[in-house]
Structure formats: C-alpha cells, structure tokens
2 protein chains.
Amino acid sequence: MAVTAKDVALLAGTSKSAVSAAISGKSGGTVRMSHATRRRIIEAARQLGYAPNPLAQSLSTGRTGVLGLVLPYADAFVDRNPFCSRIMNGVLDEAIRQRFNMMLFTGDGAGACGAETLDPRVDGLIVVVPSVDNPLVRMSSERFSPCVVVAGWPELPNIPTINADDFHGGWLATEHLIKLGHRKIAMFYNQGEPEGFGPRAEGYKSCLLEHGICCDKDLLIGAGCDWRPGFERMNEILDRPRRQLPTAVFCVNDLCAEGAMRAIRTRGLKVPDDIAIVGFDDTWFAQVTRPALTSVRMPIHQMGLLAVDLLKKLIAGESVENLNTLLPVSLTIRQSCGAPPEMQTAEDIEFLPFDHTYEEIINESQK
Amino acid sequence: MAVTAKDVALLAGTSKSAVSAAISGKSGGTVRMSHATRRRIIEAARQLGYAPNPLAQSLSTGRTGVLGLVLPYADAFVDRNPFCSRIMNGVLDEAIRQRFNMMLFTGDGAGACGAETLDPRVDGLIVVVPSVDNPLVRMSSERFSPCVVVAGWPELPNIPTINADDFHGGWLATEHLIKLGHRKIAMFYNQGEPEGFGPRAEGYKSCLLEHGICCDKDLLIGAGCDWRPGFERMNEILDRPRRQLPTAVFCVNDLCAEGAMRAIRTRGLKVPDDIAIVGFDDTWFAQVTRPALTSVRMPIHQMGLLAVDLLKKLIAGESVENLNTLLPVSLTIRQSCGAPPEMQTAEDIEFLPFDHTYEEIINESQK
DNA sequence: GTGAAAGCGCTAACAT
DNA sequence: ATGTTAGCGCTTTCAC
C-alpha cells in the first residue's frame, strides 16, 4: 500500500488534519499552523514520497479535476471520423494546458447518455453528440455538474453550446456552385437532425431562394454523416433519368461527400466533370480524396478549446454571458467542383500537423 | 446530492451491505440473500434511480476500471504526430470495447513520469514514451499497478513491451534504396535514443554491411522524431560540397522525412530526382506529402489493441508468457524514392478512415 | 495554533 | 440468511 497522510503525520509528530492543511497549502478555515510545523510536515512528506490519494480527495471534496468527453459512438474516438478526432484534439489540448485530466465516454447510439454520464468521477462534461436530448439535460440539473454541448443544439434551454455557423456554411457552399453555373444543385442533409433539415440545409435553401432558383424537393435528400449514406443516396440518384440528374451535390459533410464521389466513380462518371461535389468540415480528409474536396471549413480545433474554457468557468461557478457561441466558417476551394485554378485554395501543406502550435490557434481565434 | 445506497436500503428495509451485494450481483462471500429481498432491493434502486458512486467504490475496492494512457508530451494527444494519434486510437478502440474507461496523462518531457503516474485512479498504465526510465519502473513495482510499454524499451526487465520490428524496418528501407541503385545513403536517427542509434539505425547499418557498402559515419546523423530536426539536419547537409552529398536519406520517421523534403524543396532541389527519401510509420501523413512518402509501415493500431489486452491480463493477475511482443513491418512504396510505377504500392484510398472496422483489424492481425 | 472526530459512499469481514 | 461494523484516505468543522 502507498504511504498515507497518517504515516506522514506520525513521522512529523502531528495529526492527519495538519498534514492535509499543510500539503494543500490552505491556511484557510480554522487551521493555521506555525511555519515550523508546516515545514516539518512538508519535509516528512517529501521524505516518505507522500502524495494525496486523489480518489479519497475527490470522495471527500466532490471535486475531481477531471473533465469528461462524450463522443457519439466508440469509433468516434478513433480516426473513423476526422471531425471527431479534431474536436477531441482541441479539447484535449486545452484540457491538458489547463491541467485538467480527461476521461472518455461514449454516448452509445444517438443521443444516448447512460448512467455513466452522471459520473461523479468528472467535474463536468463536454458533449459532442449529434442529437442531444433530455437525459443529458436532466443530468445537468440534477447534479451540480455542468456540461457544454459542442456541435449540437440541445432541446432544452440554458445549456451552453458551441457551434460553427452551419447556416452560413450551407450558404457559402451553395453560392459557390451557383457561381460556377450550376442550377440543379442537390443537397444531402443529415436525416438524423432532430427537426427539419438542419441549419446546413437551411443555408442551402436560403441561398437558392436568394438567387431565384426554385428549391426542388427531389433534390433535397436525406442522407447522413457517414460515407455509406452518401454512397447509397448517390447510387439511387444515378438511377434517375439523365434529365433529372443534378449537376452538383452539396453534402452534409466530407465523409458523405466521399461516399457520393465513390458512387459516381463506380458508375464510370467523373467528378467534377459530370457532377460537382462540395463537402463540409474540411479536415485533412478533404485533402486526400481524389479529386480533393471543396469543403466548408469550420474552426473545429478552436471549438474544442472553447468548450474546455467554458466548462472550466461553469465548474468554477462563474456565470457565462454568451450561452450560444457561433463561430465563423469559410470555403476551401479545391478540385471537386471544377473551379478554375485561380479560385482554388493553394494546396497548403502548411495545414499538416506541424504548424498547429497552440499560440497560432489562439492568435487565429483572436483576430 | 445523488441518491446513495443508504437511501435504497431505507426504502427496501434492509441494510447497506445487502444493497451492495444485490446490486453488484455478487452472491459470493458470506452474503447470500433470498430472491425476495434481492428483488425488493433492485426495485427500490430502480425506483430511486440509484447507481453506485464509482469513486467510493474504487476507494473501497482499490479497483477503478480505468486505464491510463501516457503519451510523451501534451501535443502528442493531438494531431501533432499521426503516430501517436494512431496508437491512441488503437488503445481507445480496444479499451472501449473491453469496457474500460480511459484517462489521459502526459509524461511531460523525455521519459518523465511524475507523481500523477502512480495515480490510484487507474488500474494500470499504457506508456508510450520514447525513453522509458527508472521512475516509471519503480512505480510499477512499488504499487501493484501494472504497466505496458508501447514502442519503447525500458531499461529494467520484467516490464512487458509491445514493439514493431524496427530493426527489420530499417533493413527494408535501406534495401529498397540500394535496389534503386543508391550507394551514398544517409540515415537520420533519433538522437534521443537511450543508447546507440536505436534499432532502426542498426537495421540500416546491418543492411549496408550485408551489401558490402561501407557505413560512412558522416552519413549517420543525429536528428529526431519531428520535422524540425529533419529540416535542420538536411539544411546542414546541403551545405556540404556536392561530392559529399548523399543521394538518399532514410529518416527515422515520416515527420522527420517531411522536414528533410522541405529543406530540399527550399534549396530548389527535387525529391526524388536529387535526393531520395524514405520515412517510417506510414500513417495517413505519408500519403499527403508531396511527393508521397515511401515509408515503413508498422501495425500501429494493432499495437494499441494488444497493449490493452496485455494490460487487462496483468490487471487480472494473469501471468504473461511473451513479455516482449515484436510485430512485423512492411515497406509501402510511393514516389519519394523514384521507384518505377510498377513497384509502387497502389495509392489505396481504402486506407482512409471508413474501412477501419474492428473486425478487419483483428482479421488482419491473425493472418 | 493544534488535534479529535465525523463523514464522503461504498465494500467485505464479521457477528447474529 | 440477514444485519452490523469497520475501514478505504482524505477534508473539514469543531472543541481544546
């Protein structure tokens, strides 16, 4: 067994409580002690190699210094979805910087937040689950254990959220296609959205409208955030008579876009010549598809950082002024829409890992 | 405050210990109870929404059900180094599958494993730190808290390790260059290696020797596992008189290789025409450099999986027959060495995230 | 200024 | 078969 406070007390000739006070450095409470005893205790602790047992500490104080990160499914912690990876990166990055430990949870299935979710082993939760419903929110109120939702809109109020401007992203993507002369533009939206088509699709519709293009219902297609639905929906569309084919598809994310491109390839057609494709997320993934994807970039890493900052404040009991953060997006233009080279974003190898220092990201977020 | 075992006991009209026994399902020990009481307790617990406090549970039992993952520096948890990401992915993947929770630690600086390392909040540790020295091992013995070292060789015995066959990897890379006609082959090894040049460099030397090529000491160059040392060393080399330039460089990993390629580019030279480059790791990163890297592939993800399996056994008190696992490597041939197209590995988009299901990986590891 | 004692919520050995 | 009790290691309030 490890050395305990009792051992230290014995050696220093004091009581456990003195040890606790000395080690934690809190001269608060009724416990004040002479410099001499404090020193003696510290020395004894050092000598014995004593460190407080965080488990016992937490049980006693109700604080753990651990943040929980909830991703939608186990695979999400893995390379499986570069968006999730990147969110996780941001969160971990900042958590480590802020000297929080991290614990990982998975919200098995859509929006499920099991009993483990209200785990006293964490001081708060960062939730990155597509549809965030009641159980989560109940938790947040029942226990005084705050949570922050990233990339999602919980149904109940008073839950802080951090999102990118999906609506504007949808708008940008659509506008780009229109500029390139497309009129029959399909959209693959995420069928899982709690209500309606989701903000990305709303941006798409709004942009079409603004440009006087009729929003054909047959072109607004329920897909999902993985490559498979993209693949399947595109296959179905390609069965339509040639006249009814869209000339471009805006996909709800990059994975979905790759699925669509794969279906197109399989049929012997070409992107962008036959059908143009736009994605959403613009992680490294968009660089390695062939052709490279034109995609809406969101400040994913920064979203993770902000989530931790926000959660930290909530844990500290500070009130937050801006409950719903909305971060700006932009369009990265590559080859999947046939944009002329001068429009294309330079294929920046700089995007690769080694230039993502913390300072840069902070600066980036401040300007 | 949350509902406790006491509340349940009160409602069910039994004692706390009965509740504990009923909930944990352990009819072992001296505690056996009638079906009736058990049912009553279960029902009461359900009614109250009771769940045991894992913190208290752990404090009492000394088990937490949490694995700790130690990466060398905070950034390593982040995209910063695709190798680390991928290891982490493997570990998380399997940990989740085995219903372990994960906690993340960073061994700030080389080989440092602070007090937090012997954290009772975890049942065991998976350590992915380049130079694993004594503090870690001391921990492992002092507490009965096992650890597994991944991609490293601790100095003390009896610590289970999981490694790829780095020596053979170095051999493969060098042989490839020799086959392509290179004779002046430099190697950038990792200066941080505890002793000597590390197994990758040994493989390199051994291969040169076997092919009757003198191992020029000026070509065995201390670099590191990041792009910066690769960049700087290559810059220095390019200052040498043209006669002394190597025609190829084998880099200790892909990041280092990219640094070297960048230096070459900066000087207006071309890879592979002027200098050929081989990397090591072969993560997705090797696909997105220009030119794409020829690189030694290791079963990184699988190393993570195995680490968890091994640790699980150790925690369960099982003894492990094979203390030092060595996994096979292979060479992925792309464009950075000027290999003829027919030698090149098909640029497999299949490598991308969506085909990494658990089953595949398991199958892959079995054949 | 310092130490004793209660309790955080649970488990497991011990009486009943 | 069931209930009682004593910790796990720490913090913190309360007497001294």
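Because the structure is predicted, anything quoted here is derived from the model rather than measured. Lettering follows sequence order; numbering is per chain, from 1.
- Among the atoms of the strands shown, only primed sugar atoms or phosphate atoms (P, OP1, OP2) are found under 4.0 Å from some heavy atom of A/T14.
- Atom NZ of A/K16 is separated from atom P of C/dA6 by 12 Å (rounded to the nearest Å).
- Computed from coordinates, the B/D7 CG to C/dG9 P distance equals 9 Å when rounded to whole Å.
- The nearest whole Å value for the distance from the CZ atom in B/R39 to the C1' atom in D/dA1 is 18 Å.
- In this entry the distance linking NZ of A/K6 with P of C/dA5 reads 13 Å, nearest Å.
- One atom, CD1 of A/I41, and another, P of C/dG1, lie 15 Å apart when rounded to the nearest Å.
- The nearest pair of heavy atoms linking A/A9 to A/K16 is CB-N, 3.7 Å.
- For A/Q57 and D/dT11, the shortest distance from a side-chain N or O to OP1 or OP2 is below 4.0 Å.
- Scanning both residues, B/I41 and B/A22, for their nearest heavy atoms gives CG2-CB, 3.7 Å.
- Of the listed nucleotides (C/dC8, D/dC8, C/dG3), D/dC8 has the atom at the smallest distance from the side chain of B/L59.
- Note on B/T37: only backbone sugar-phosphate atoms sit closer than 4.0 angstrom, heavy atoms only; bases stay farther off.
- When all heavy atoms of A/P120 and A/T64 are compared, the pair lying nearest together is O-CG2, 3.3 Å.
- Distance, B/I23 CD1 to C/dA12 C1': 17 Å, rounded to whole Å.
- To the nearest angstrom, P of D/dG9 lies 16 Å from CZ of B/R121.
- Side-chain atoms of B/T161 do not come within 3.5 Å of backbone N or O of B/N324 as any donor-acceptor pair.
- A close approach under 4.0 Å does occur between a side-chain nitrogen or oxygen of A/S20 and OP1 or OP2 of D/dT11.
- Heavy-atom distances to DNA chain D give each of B/A56 and B/S15 a nearest nucleotide, and the one nearer the 5′ end belongs to B/S15.
- Following rounding to the nearest Å, B/N53 (CG) and D/dG9 (P) show an atom-to-atom distance of 17 Å.
- Between the base of D/dT4 and the side chain of B/S17 there is a donor-acceptor pair shorter than 3.5 Å.
- Under the 3.5 Å distance criterion, with hydrogens and angles disregarded, no donor-acceptor pair is assigned to the side chains of B/H301 and B/N89.
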